[in-house]
**Q** 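Starting off with a structure, shown below.
Keep in mind that this is a model prediction, so the values were computed, not measured.
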Amino acid sequence: MAMELPNLKMAPVLLLCFLQLAGSSMALPALPGMDRVRWQVDRANRRGPSIGLVMSYIDEDTALQASGYFSPWSVQPFIDLYGRRFHIGSIRGVNVVYALTGQRRLNAAVTVQTLLDIFSVSGIVHYGTAGSSNDSMSFGDVSVPKLVAYTGAWTWKRFKSLKESSTELSFAEFNVPNGGDNLLGSLKYRNEELYSVGKPMEEVFWLPVDSAWFKIAEGLKVNLERCNDTFCLPKTPQVVHGLKGASADMFLDNAEYRNFLFGEFGVSTIDEESASVVMTATSPGVPVIVFRGVSDLAGGEPTWSSTSLMNLASINALKVAVEFIATIGRQKSTPSIQSSNN
């Protein structure tokens, strides 16, 4: 009796189904203990696409946990991977995977890249606190920048160039008393090398957030908090759209450099991670947006401390991020998890 051969026309369909079930867990390395993680990731990805939500400071993570906005997935509330905990759940009925990145750009980039490579993520939302370099912004305000830049890449020079078109910081201009030279010379700001899908590498200074997501964010109506457990701000904070932000691997607490960044680049908020988050998501073409609450004046305030306002700034940035995620859900850009508990 002849053996019946399988229908070869069905082979591509079966292969596609297998790849969909395998999900992004195939990107995980063949290390001890990874089999269980692969199984967990595959199960989480079968819920459908999620919004990747990232924050950098523990206080920002605490604000989310205490808010009640996030509902853990009862089937599997988290996955521990590469030393980080990726929380599986929803916000306002929208699938969300969130993680605390840790501070500065390498931690932020590693975490966002993990979300993009391992989980089924349709976009990245980043919220947190920032210093303000713009005197028109007040404590507790939330900035939704349209452009961000990494201002921590320099060419350190002996003297300032006389005919240099790009921005330089000359230390001699900040001598006390004024005048003379300075042995520290000057810093020339460098562009970043952006590698993106379908394009040759390009050198960029400014990195834009996703234009469609930014337009959605412009339409949000969010009532921000004016008080926390300690004190109340003199006026109710506002959401400000379309400004510029700067990131560097340092905590800025210097009024002169704060003023320099605003004067030379027009940046209104200063942090350590936003540019890294935007650049990592931009490379594969994944939508990304940033919400930063003002917790300090980056060295411009004489009395207020960043620690006393970080909680309030975190809560306000989180409120705007949550409303944005909910709006994305209402527009049916991301499936609900209502039927995913099986």
Side-chain angles (χ1 to χ4, degrees), residues 13-56 58 60-102 107-108 110-127 277 280-281 284 286-289 318-319 321-342:
V13 177
L14 294 173
L15 177 60
L16 178 60
C17 291
F18 170 77
L19 292 174
Q20 288 177 335
L21 286 174
S24 300
S25 69
M26 297 178 69
L28 291 169
L31 297 174
M34 278 296 176
D35 288 343
R36 176 171 176 78
V37 175
R38 287 191 185 90
W39 177 76
Q40 292 175 333
V41 169
D42 288 343
R43 182 166 65 171
N45 285 340
R46 283 196 291 269
R47 302 182 315 146
S50 298
I51 293 292
L53 179 65
V54 292
M55 70 292 298
S56 306
I58 292 177
E60 298 160 359
D61 184 17
T62 301
L64 176 58
Q65 293 183 20
S67 67
Y69 292 132
F70 182 78
S71 300
W73 189 32
S74 59
V75 175
Q76 183 175 298
F78 60 85
I79 297 173
D80 290 330
L81 179 62
Y82 302 150
R84 290 178 172 84
R85 175 156 293 185
F86 294 85
H87 300 262
I88 316 298
S90 66
I91 291 177
R92 303 273 182 91
V94 180
N95 285 352
V96 169
V97 179
Y98 93 80
L100 175 67
T101 68
N107 277 324
V110 167
T111 307
V112 173
Q113 194 66 58
T114 301
L115 280 168
L116 298 178
D117 288 346
I118 304 302
F119 295 94
S120 178
V121 170
S122 59
I124 299 293
V125 174
H126 176 45
Y127 80 90
V277 172
T280 306
V286 174
V288 61
I289 197 163
L318 173 62
K319 290 189 72 171
V322 166
E323 188 57 39
F324 176 82
I325 292 171
T327 302
I328 291 291
R330 287 194 293 269
Q331 295 187 358
K332 298 182 180 180
S333 297
T334 303
S336 169
I337 69 160
Q338 291 176 357
S339 60
S340 64
N341 294 332
N342 51 35

**Q** I'd like to know if the side chain of Q76 reaches the main chain of Q40, judged simply by a donor and an acceptor atom lying under 3.5 Å from each other, with no hydrogens or angles considered.
**A**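 It does hold such a pair.
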**Q** Passes side chain to side chain contact (heavy atoms under 4.5 Å, CB included), V288 versus T280? Steps please.
**A** CA-CA 9 Å; V288 61; T280 306; over 6 Å; no
**Q** Sequence neighbours left out, what passes ring-ring contact (aromatic ring centres under 6.0 Å, His included) with F70? Give chain and number order.
**A**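 Checked F70 against ring-ring contact (aromatic ring centres under 6.0 Å, His included); matches are Y98.
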**Q** For R84, check salt bridge (charged side-chain N to carboxylate O under 4.0 Å, His left out) against everything at least two apart and list the hits.
**A**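 For R84, no residue satisfies salt bridge (charged side-chain N to carboxylate O under 4.0 Å, His left out) once neighbours in sequence are set aside.
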**Q** Using a 3.5 Å distance criterion without hydrogens, assess whether the side chain of R47 forms a donor-acceptor pair with backbone atoms of G89.
**A**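 Answer holds: yes.
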**Q** Before giving the answer on side chain to side chain contact (heavy atoms under 4.5 Å, CB included), spell out for R92 and I325 the whole-Å C-alpha distance, their side-chain angles and the decisive distance to 0.1 Å.
**A** CA-CA 8 Å; R92 303 273 182 91; I325 292 171; 5.9 Å; no
**Q** Look only at the side chain of T101 and the backbone of M55, and say whether a donor-acceptor pair between them is shorter than 3.5 Å.
**A**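 Yes: the side chain of T101 pairs with the backbone of M55.
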**Q** What is the distance from atom CD1 of I124 to atom CG of L115, rounded to the nearest 0.5 Å?
**A**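 Between atom CD1 of I124 and atom CG of L115 there are 5.0 Å.
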**Q** Quick check: closest heavy atoms across A108 and V277, and the distance to 0.1 Å?
**A**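 Where A108 meets V277 most closely, the heavy atoms are CB-CG2, 4.0 Å.
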**Q** Set out, in order, the CA-CA distance, both residues' side-chain angles and the distance that settles side chain to side chain contact (heavy atoms under 4.5 Å, CB included) for S120 and R46, then state yes or no.
**A** CA-CA 9 Å; S120 178; R46 283 196 291 269; over 6 Å; no
**Q** So which atom in G123 and which in V121 form the shortest heavy-atom distance, rounded to 0.1 Å?
**A**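 For G123 and V121, the tightest heavy-atom pair comes out as O-CG1, 3.2 Å.
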**Q** I79 and A44: which non-hydrogen atoms are nearest, and at how many Å?
**A**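 That would be CD1-CB, 4.2 Å.
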**Q** With rounding to the nearest 0.5 angstrom, report the CZ to OG1 distance, F86 to T111.
**A**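 Spacing of CZ (F86) from OG1 (T111) equals 5.5 Å.
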**Q** Checking H87 side chain against F78 main chain: does a donor-acceptor pair fall under 3.5 Å?
**A**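 Checking the backbone N and O of F78 against the side chain of H87, no donor-acceptor pair under 3.5 Å is found.
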**Q** Check for a donor-acceptor pair, side chain of N45 on one end and backbone N or O of I118 on the other, with a separation under 3.5 Å.
**A**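 Indeed, once roles are kept as given, a pair shorter than 3.5 Å links the two residues.
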**Q** Give me the atom names and distance for the closest heavy-atom approach of L116 to P284.
**A**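 Minimum heavy-atom separation between L116 and P284: CD1-CG, 3.9 Å.
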**Q** Hey, are the side chains of I88 and F119 touching, using non-hydrogen atoms and a 4.5 Å cut-off?
**A**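 A side-chain contact under 4.5 Å exists here.
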**Q** Do the side chains of R330 and T327 get nearer than 4.5 Å, heavy atoms only?
**A**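 They are in contact (side-chain heavy atoms under 4.5 Å apart), so the answer is yes.
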**Q** A side-chain contact here means heavy atoms from C-beta on lying under 4.5 Å apart; do L53 and I91 qualify?
**A**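 With C-beta onward as the side chain, the pair touches.
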**Q** Minimum heavy-atom separation for L318 to A63, with atom names?
**A**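 Looks like CD2-O, 3.5 Å.
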**Q** Residues in ring-ring contact (aromatic ring centres under 6.0 Å, His included) with Y127, at least two apart?
**A**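 Partners of Y127 by the ring-ring contact (aromatic ring centres under 6.0 Å, His included) criterion come out as none, since no residue qualifies.
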**Q** Between S122 and I51, which heavy-atom pair has the shortest distance, and what is it?
**A**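 Heavy atoms only, the tightest pair is OG-CD1, 3.8 Å.
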